[in-house]
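To keep things clear, I will list the structure first and then write my remarks on it.
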Number of protein chains: 2
Amino acid sequence: MSLKHAVLIVLQFEDGTGYEIAKWFDQGMGYFWHASHQQVYLELGKMAQAGLVTFTAVEQIGKPAKKIYHLTDQGLAELKGWMLKPAKQFALKDELLMKVYSGHLIPPQDLLDQILKHQTDYRELLNKFKQIEEQWFQDVENLPLPHQYSYLTLRNGIGYAKAWLEWCDEVITFLKGQIGKQPSI
Amino acid sequence: MSLKHAVLIVLQFEDGTGYEIAKWFDQGMGYFWHASHQQVYLELGKMAQAGLVTFTAVEQIGKPAKKIYHLTDQGLAELKGWMLKPAKQFALKDELLMKVYSGHLIPPQDLLDQILKHQTDYRELLNKFKQIEEQWFQDVENLPLPHQYSYLTLRNGIGYAKAWLEWCDEVITFLKGQIGKQPSI
DNA sequence: AGCTACATGTAAGGAGTTACATGATTAT
DNA sequence: ATAATCATGTAACTCCTTACATGTAGCT
């Protein structure tokens, strides 16, 4: 159950509403942990009951009232305790790999179309990551420590996207060969 | 709901029992799709009801009776239909990245221990993949087509493991620097 | 008139994990 | 003796997705 810990991590950086926390999981942090706003609101409710977080209700003019959540000592202790426990092993769930695995079932052109689409997505992701790197992490060693750690996860994203791009190239080359061999489908 | 399609893929390769199908998800195919035996048995039950698979009950001497499942035409049609639909976007869920992201919360040595452990795991994975490559895919172009496709997924695994290994090196270098800076924790 | 951002949630259902339950055979 | 392999499943629970539900402000 790591959504809890993901939320604790966000709140350890700064207090925020459920809405704001959900945005973290849609943007930057979403690269390695995603959650919908529904999940976040539910989880925050449970966490408040468990005493890991508390909130301050804030009335607003012209906007819905909001709850600003913040970490309790107990929440921080829970987070630190979790940090020290060994992380779960990698576990991919990737539909594209499944489709390639049984790629012989459909015409190579159809699979190629899908791979090309995914390659475009990975290329865009890589460009986005690289742009963030250039814009914010030129002088990494002089940034605050938490930023230096978050930079490491960005580096992971860059390596990950590159590896996928290269693999897509391999698959594309193979599929083009297949299409050349059987042009009459 | 892709467990269904993963099971269809396995059965499209060869008929098998729930036990045997579950092994695929623990071994080779487990690299990109994992499922427990409990999940598999449940799913097979649903799939049989839906007419995607049928089974032959086989009594055995000295072993429990078993059900050998096989694809129906409807099952194959479902699989091919799914193959043609666009695959879901990549979505990681990685605890290790979460821990690095908030690495400043614990002493660098503790994080380093975890990274080293994971690097060892990825190194073993890479070695396993490379060994499979050498043993079975020396002469890829002359293998049956399905094997050529499965080789592509192995290539993905190799690229993936390499990318993680390199990233682990980056993190290790950084953490050793951190440990050097604050030797008094 | 329609879209995006802000801001909160409930409900139903599907997917996945962990624990429980059984029992023979073969290898160490 | 103990563990692994073969072989099946149920039950409880947690986790995640999709759909529903509401309402203002500002931009195009």
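Chain letters run A, B, ... following the sequence lines, proteins first, then strands; residues in each count from 1.
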Expected output: side-chain Glu20(A) to main-chain Thr17(A) donor-acceptor under 3.5 Å: yes
Given DNA chain D, 5'-ward residue of the pair Leu42(B) and Ser2(A), judged by closest heavy atom: Leu42(B)
Value in whole Å for how far the C1' atom of dG9(D) lies from OH of Tyr69(B): 10 Å
Euclidean distance, atom NE2 of residue His37(B) to atom P of dT17(C) [Å, nearest integer]: 13 Å
Flag for Gln119(A)-Asp169(A): side-chain donor and acceptor within less than 3.5 Å: yes
Proximity of His34(A) and Phe90(B) rings by center, below 6.0 Å: no
Length of the CD-P vector between Glu43(A) and dT17(D), whole Å: 13 Å
Distance in angstrom units between Lys46(B) NZ and dG9(D) C1', rounded: 14 Å
Inter-residue atom distance Ser150(A).OG - Met29(A).CE, 0.5 Å rounding: 11.0 Å
Tabulated below should be each protein N or O lying under 3.5 Å from an N or O of nucleotides 5-7 of chain C; please produce it.
residue	atom	partner	partner atom	Å
dC6(C)	OP2	Tyr19(A)	OH	3.4
dC6(C)	OP2	Lys23(A)	NZ	3.3
dA7(C)	OP1	Gln60(A)	OE1	3.1
dA7(C)	OP1	Gln60(A)	NE2	3.1

His147(B) atom NE2: more than 12 heavy-atom contacts under 6.0 Å: no
Value in whole Å for how far the P atom of dT17(D) lies from CD of Glu95(A): 12 Å
Nucleotide dG14(C), atom P - distance to CD of Gln39(A) in whole Å: 17 Å
d(CE, Met47(A); P, dG9(C)) in whole Å: 14 Å
Value in whole Å for how far the C1' atom of dA24(C) lies from CD of Glu59(B): 14 Å
Proximal nucleotide (of dT8(C), dT18(C), dT18(D)) relative to the Ser36(A) side chain: dT18(D)
For Asn127(B), all residues meeting side-chain hydrogen bond (donor to acceptor under 3.5 Å, both in side chains), sequence neighbours excluded: none
Donor-acceptor pairs under 3.5 Å, side chain of residues 133-145 of chain B to any protein atom, not counting sequence neighbours: which ones?
residue	atom	partner	partner atom	Å
Glu133(B)	OE2	Tyr151(B)	OH	2.6
Glu133(B)	OE2	Arg155(B)	NH1	2.9
Gln135(B)	OE1	Gln131(B)	NE2	3.3
Gln138(B)	NE2	Glu134(B)	O	3.2
Asp139(B)	OD1	Asn142(B)	ND2	3.2
Asp139(B)	OD2	Asn142(B)	ND2	2.9

Touch class at under 4.0 angstrom, heavy-atom based, for Lys93(B) against every strand present: sugar-phosphate
Earlier contact from the 5' end, DNA chain D, for Lys88(B) and Gln38(B): Gln38(B)
